[in-house]
Amino acid sequence: MTSPKVRAGGTALVWRLLSDYCARRGLRLDGFDDHGHAGFVEDAAGCRRFFSGTHFDLNRLGTAKIADDKAYALQLLERDGFPVAGGLLLGATLGDGFDDARRFAEEAGYPVYLKPNEGQEGADVFKVVSPAELKDALDALSRRHRLVLVQRNITGSDLRFVVLDGDVLAVFLREPPRLTGNGQDTISALMAGRASPSAEDPRVHRELARQDLTLASVLPDGQGAVLLPNANLSAGGRGRLVTDSVPDRLKDMAVRAARSLGLRYAGVDMIVRGLDGPEPEATILEVNAAPGLNRFAAQGGTETRIVTAVYEHVFDALTGVDQ
């Protein structure tokens, strides 16, 4: 059995971890580019299991496509009795959907969220609090996306459940990107070293304005400011492992939601009200068929070890070691 081929520049987390895994298991690993963005694992019998980014040969194509379509996935979950975030899907001519979106927002109550129906990693998620903001967000999204989902605001703790073959491997509590002042530097200066979000992002300006702040504001020492309303780690949010403190009832809901969509491997996102109370209530926001863990791992050594352990299970399932 040949050793895995580690190509120059292959620094992606999945590629590095998969390279180490294949070396230990005597499996061949081959990539299609110099960065390990896609490729396959081959065993001694010549059986190949493919991957692309964080998409692995675990979920069938049809189930993954349904999960990627937020409206379809939520519709199916609601039919199966799951509590889901209500929403309005706007079609190809988004500019003509403003009146429908405005009526939905007025009935649901502001704020509401707008997001691409097939988007990932928190990109282009807008929180709007007025008809004017709703129109601006809809105009911006219509230039980049075919379908847009408008959802009512649900308050609570933002949790991601990582599910594999009926087990919850990890639960992360996600918090929106924020920074803390030092009494000297402007918000713009404090953001200078951040990869995400960017100070150029108009959503940052809007979120700061809601806190009576601008990029030129100097926060008092220890005072915090939220930069974006959504808690996606890829948008600059922070995550914390809370697997052991989450009730089994919520873990069971995540497992059943993944099974409802036919997914072996999934990230189930929920908003949970009263997480620390005796009877927390959960609402499913969306289900991701290729949950990424890179941004959580980037937070530090402890987080990297957690993610490494999760991917060990994923790779076992991918290569059939656990079967």
Side-chain angles (χ1 to χ4, degrees), residues 70 85 87 101 105 108-130 132-145 148-160 172-182 185-219 222-240 242 267 269-272 283 285-286 288 291-299 303:
K70 295 179 175 62
Y110 286 100
V112 294
Y113 283 82
L114 279 72
K115 61 176 72 171
N117 187 51
E118 296 182 352
Q120 295 181 351
E121 299 188 337
D124 276 347
V125 176
F126 287 81
K127 176 184 178 181
V128 301
V129 299
S130 68
E133 288 190 3
L134 178 65
K135 187 177 188 308
D136 287 346
L138 196 56
D139 287 344
L141 288 169
S142 68
R143 292 192 291 269
R144 296 190 288 273
H145 303 282
V148 169
L149 188 62
V150 188
Q151 288 185 306
R152 65 181 73 247
N153 179 50
I154 301 173
T155 58
S157 301
D158 188 316
L159 299 183
R160 163 159 288 189
F172 303 107
L173 173 65
R174 305 185 299 182
E175 297 180 341
R178 62 178 70 236
L179 51 75
T180 303
N182 58 16
D185 295 318
T186 65
I187 290 177
S188 179
L190 293 172
M191 292 186 66
R194 300 179 67 107
S196 181
S198 166
E200 304 301 318
D201 191 327
R203 298 176 300 167
V204 171
H205 300 184
R206 187 175 293 123
E207 192 63 26
L208 290 175
R210 295 193 181 107
Q211 302 163 78
D212 295 323
L213 298 169
T214 70
L215 290 174
S217 299
V218 176
L219 294 172
Q223 179 177 318
V226 177
L227 300 177
L228 286 177
N230 51 305
N232 301 73
L233 303 193
S234 54
R238 299 282 295 180
R240 178 161 55 90
V242 294
D269 295 342
M270 300 184 196
I271 297 294
V272 180
T283 301
L285 283 182
E286 59 185 73
N288 194 314
L293 304 173
N294 297 33
R295 299 303 178 97
F296 181 74
Q299 291 183 187
E303 289 84 355

For residues His145 and Asp124, report the shortest heavy-atom separation together with the two atoms involved. NE2-OD2, 2.7 Å
Walk me through it: do Leu208 and Leu227 pass the test side chain to side chain contact (heavy atoms under 4.5 Å, CB included)? CA-CA 6 Å; Leu208 290 175; Leu227 300 177; 4.2 Å; yes
Could you report the tightest heavy-atom contact between Glu207 and Val226, atom names first, then the distance? CG-O, 3.6 Å
Taking side chain as C-beta onward, heavy atoms only, is Asp136 less than 4.5 Å from Phe126? no
Smallest separation among heavy atoms of Asn153 and Tyr113, with atom names: OD1-CE1, 3.2 Å
Could you grab the distance from atom CE of Met191 to atom CD of Glu200, nearest 0.5 Å is fine? 9.0 Å
What heavy-atom pair brings Ala101 and Val150 nearest, and what distance separates the two atoms? CB-CG2, 4.4 Å
List the atom of Thr186, the atom of Ala216, and the distance in Å for their closest heavy-atom pair. CG2-O, 3.6 Å
Do the side chains of Gln151 and Lys70 get nearer than 4.5 Å, heavy atoms only? no
So, taking the atom named CD in Gln223 and the one named CG in Leu179, what distance separates them when rounded to the nearest 0.5 Å? 10.5 Å
Taking Arg143 first and then Asp139, would you say they form a salt bridge - that is, a charged N and a carboxylate O separated by under 4.0 Å? no
For the CG atom of Leu228 and the CZ atom of Arg206, what is their distance to the nearest 0.5 Å? 11.0 Å
A side-chain contact here means heavy atoms from C-beta on lying under 4.5 Å apart; do Ile187 and Leu219 qualify? yes
Atom pair CD1/OG1 of Ile154 and Thr283 - distance to nearest 0.5 Å: 4.5 Å
Minimum-distance pair of heavy atoms, taken over all atoms of Gly267 and Arg160: CA-NE, 4.3 Å
Find the distance between OG (Ser198) and CZ (Arg203) and round it off to the nearest 0.5 Å. 10.0 Å
Within the supplied structure, the quantity of interest is the number of heavy atoms (other residues, nucleotides, ligands) at a distance under 6.0 Å from Arg240 CZ; does it exceed 12? no
Is Ile271 close to Asp158 at the side-chain level, that is, under 4.5 Å between some pair of heavy atoms? yes
Could you tell me whether a side-chain N or O of Gln299 sits under 3.5 Å from a main-chain N or O of Gly239, the two making a donor and an acceptor? yes
Straight-line distance of Leu149 CG to Glu286 CD, nearest 0.5 Å: 9.0 Å
